Colleague: 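Below is a structure I'd like to ask you about.
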Amino acid sequence: MNSTMEKTFYFIDNHTTKIQQEQENAYLESLLTTTENWLDGLIKPEAGASKEDIRKALQLAVLKGMKEHVQPHHQMTPDALGLLVGYLVELFVKKEQAVILDPAVGTGNLLLTVMNYLDGRLTGAGVELDDLLIRLASNAGNLIEQPITFYLQDALQPLLIDPVDVVVSDLPVGYYPDEETAGTYELKADEGMSFAHHLFIEQSLKHTAEGGYLFFIVPKALFESAQASQLHSFLKKHAHIQSVMELPESLFKNSAHAKGILVLQKKQEGVKAPKEVLLARVPNMSKPESMSKFFSQVTGWFKENKE
Ligand code: SAM
């Protein structure tokens with residue numbers, strides 16, 4: 001007996017494959033048509049799928065499409081990581097209703113995982129450069145019924161977004177080619193091209209309300225690059241670093257792409273820095289015992305430093 005999630009995936013995959021054969025286009029393009037037809041009521045899966053069933057089924061279909069066209073810069077955020085970020089957002093953010101932004105929303109998987117995790121408490125905004133990905137993300141948001149406004153643009157250009165309570169983002173890593181725009185940032189490189197991931201951190205802080213929290217998936221070597229000291233002084237000025245977590249290398253195909261999680265709080269009068277920054281190593285997520293030790297480390301730190 002197949003699960004509802006599997007049935008929903010087969011429903012999506014069968015329609016997408018049929019459209020792909022008829023129109024001879026890429027799987028992801030056909031997937032977009034499938035989601036449009038589904039939203040228009042032209043096709044309908046079996047009843048009973050939850051928001052998480054739909055998100056996971058769409059995620060599997062996107063992964064299938066991405067295998068066909070390797071898009072190294074558009075890697076979807078893995079589920080395990082999305083759930084961990086969801087757990088952290090729930091722990092830190094105490095507001096009953098909050099606004100959340102992902103300035104590099106991609107397929108929407110990370111943002112939707114977090115929004116489903118805190119279902120009913122978040123209203124979202126997502127920014128993305130890639131036209132196909134943002135259309136997929138927008139259709140996924142509508143099918144899953146999460147309230148998200150999407151902006152198709154370069155997130156490092158001025159954004160017409162009011163300050164948000166929370167930012168989550170799996171940051172694009174590398175150099176940012178638009179040197180003129182980079183020149184408007186405090187974190188521009190003194191010489192040569194600036195790091196996009198540094199500029200994303202600055203832009204995100206700019207669009208966060210005072211006291212708001214930011215959860216970034218960052219390269220593991222964030223604080224070891226040539227521009228790290230500049231990033232450090234910038235963060236000291238504008239934010240309180242809450243936590244730096246190292247993610248298990250097994251999550252990434254190539255250990256050179258290993259990542260971590262950086263948690264920040266934007267400064268606000270009366271809000272103090274934690275007594276100590278939570279430095280943690282996330283264990284292999286398939287080992288429940290190690291994970292439960294990790295969660296008690298995090299909650300212990302939270303009680304000592306945030307309550
Ligand atoms: N969390 C996303 C998901 O679950 O699909 C994946 C994010 S992926 C690691 C980074 C995304 O940033 C890519 O989709 C890429 O197209 C986007 N991106 C890169 N530079 C950008 C820019 N300047 N403005 C907006 N989006 C950008």
Side-chain angles (χ1 to χ4, degrees), residues 28 31-32 55-56 58-67 69-86 89 100-117 124-141 144 146 148-161 166-182 184-185 187-188 193-204 206-207 214-220 222 247 251-254 257-262:
L28 283 180
L31 176 61
L32 185 66
R55 183 190 64 75
K56 286 183 186 159
L58 283 169
Q59 177 201 24
L60 286 181
V62 170
L63 281 174
K64 181 172 172 183
M66 282 188 167
K67 273 202 188 129
H69 270 283
V70 183
Q71 294 179 305
H73 300 298
H74 298 158
Q75 292 284 349
M76 183 159 54
T77 309
D79 243 19
L81 206 44
L83 291 169
L84 178 58
V85 175
V89 173
I100 185 168
L101 164 70
D102 184 344
V105 74
T107 61
N109 193 47
L110 172 63
L111 182 62
L112 286 165
T113 308
V114 174
M115 290 184 78
N116 278 355
Y117 199 94
V127 188
E128 171 58 52
L129 259 184
D130 186 293
D131 174 58
L132 175 63
L133 293 186
I134 200 169
R135 285 195 289 153
L136 279 168
S138 163
N139 287 355
I144 296 167
Q146 289 294 0
I148 309 174
T149 310
F150 287 95
Y151 302 83
L152 171 60
Q153 69 160 92
D154 177 345
L156 298 174
Q157 297 279 347
L159 291 175
L160 282 173
I161 298 180
V166 192
V167 170
V168 290
S169 200
D170 184 354
L171 297 179
V173 176
Y175 290 110
Y176 179 55
D178 179 349
E179 293 195 40
E180 199 182 320
T181 302
T184 62
Y185 281 77
L187 281 175
K188 64 176 183 287
M193 278 215 255
S194 307
F195 281 138
H197 43 293
H198 288 196
L199 305 184
F200 262 88
I201 292 175
E202 179 172 339
Q203 179 73 323
S204 301
K206 183 173 167 196
H207 286 274
L214 304 92
F215 304 81
F216 294 115
I217 295 165
V218 293
K220 199 167 156 185
L222 183 74
L247 290 162
L251 265 185
F252 308 96
K253 276 195 202 117
N254 181 340
H257 297 154
K259 301 210 175 165
I261 298 180
L262 171 68

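Order of listing sets the numbers, starting from 1, for every ligand and every atom in it. The structure presented is a predicted model; accordingly, all values stated were derived computationally and were not measured.
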Colleague: Please indicate whether K206 has more than 12 foreign heavy atoms, meaning atoms of other residues, nucleotides or ligands, lying under 6.0 Å from its NZ.
Modeller: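 Open: at most 12 neighbouring heavy atoms sit under 6.0 Å from NZ of K206.
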
Colleague: Among L199, D178, L136, T77, which residue places a heavy atom closest to atom 1 (N) of ligand 1?
Modeller: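 Residue with the shortest heavy-atom distance to the ligand atom: T77.
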
Colleague: Give the atom numbers and elements of ligand 1 that come within less than 4.0 Å of a heavy atom of Q153.
Modeller: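 Under 4.0 Å from Q153, ligand 1 has these atoms: 24 (N), 25 (C).
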
Colleague: Within a strict 4.5 Å, meaning less than it, do heavy atoms of the N109 and V62 side chains meet?
Modeller: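 No, every pair of side-chain atoms sits at 4.5 Å or beyond.
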
Colleague: Start with the C-alpha distance between V127 and L101, add both sets of side-chain angles, then the distance that settles side-chain contact (heavy atoms from CB on, under 4.5 Å), and finish with yes or no.
Modeller: CA-CA 8 Å; V127 188; L101 164 70; 4.1 Å; yes

Colleague: Using ring centroids (six-membered ring only for Trp), state whether Y176 and F195 fall under 6.0 Å.
Modeller: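 No - the distance between ring centres of F195 and Y176 does not fall below the 6.0 Å cut-off.
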
Colleague: If the cut-off is 4.0 Å to any non-hydrogen atom of L110, which atoms of ligand 1 fall inside it?
Modeller: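 Numbered from 1, ligand 1 contributes 1 (N), 4 (O).
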
Colleague: Can you sort out which atoms of ligand 1 are near V105, meaning under 4.0 Å from one of its heavy atoms?
Modeller: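 What qualifies from ligand 1 is 2 (C), 3 (C), 5 (O).
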
Colleague: With atom 15 (C) of ligand 1 as the reference point, say which of E128, Q59, M66 has the nearest heavy atom.
Modeller: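 Minimum heavy-atom distance to atom 15 (C) of ligand 1 goes to E128.
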
Colleague: Check this for me - ligand 1, D154, N or O atoms closer than 3.5 angstrom, yes or no?
Modeller: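 Min N/O separation from ligand 1 is below 3.5 Å for D154.
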
Colleague: With the side chain counted from C-beta on, respond yes when M115 and V168 share a heavy-atom pair under 4.5 Å apart, and no when they do not.
Modeller: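 M115 vs V168: side chains apart.
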
Colleague: Please list, in number order, the atoms of ligand 1 under 4.0 Å from a heavy atom of T107.
Modeller: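 Near T107, the atoms of ligand 1 are 3 (C), 4 (O), 5 (O).
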
Colleague: So is there a nitrogen or oxygen of P172 less than 3.5 Å from a nitrogen or oxygen in ligand 1?
Modeller: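 No.
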
Colleague: Is it the side chain, the backbone, both or neither of Y151 that has a heavy atom closer than 4.0 Å to ligand 1?
Modeller: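 Within the 4.0 Å criterion, Y151 makes no contact with ligand 1.
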
Colleague: Would you say I217 touches ligand 1, if touching means a heavy atom closer than 4.0 Å?
Modeller: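 I217 does not count as a contact of ligand 1 under the 4.0 Å cut-off.
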
Colleague: Counting only heavy atoms closer than 4.0 Å, does ligand 1 sit against the backbone of L133, its side chain, both, or neither?
Modeller: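 Just the side chain.
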
Colleague: Is the shortest side-chain heavy-atom distance between L247 and L84 below 4.5 Å?
Modeller: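 Side-chain contact under 4.5 Å: yes.
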
Colleague: Step by step, would you call D79 with T113 a side-chain contact (heavy atoms from CB on, under 4.5 Å)?
Modeller: CA-CA 8 Å; D79 243 19; T113 308; 4.3 Å; yes

Colleague: Pairs of nitrogen or oxygen atoms closer than 3.5 Å, one from Y176 and one from ligand 1: do any exist?
Modeller: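 N/O-N/O distance under 3.5 Å: no.
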
Colleague: Would you say Q157 contacts ligand 1, with heavy atoms under 4.0 Å as the rule?
Modeller: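 False for this residue.
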
Colleague: One pair to check against side-chain contact (heavy atoms from CB on, under 4.5 Å): V105 and L133. What are the steps and the verdict?
Modeller: CA-CA 9 Å; V105 74; L133 293 186; over 6 Å; no

Colleague: Is the shortest side-chain heavy-atom distance between V167 and P103 below 4.5 Å?
Modeller: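 Yes, at least one pair of side-chain atoms sits under 4.5 Å.
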
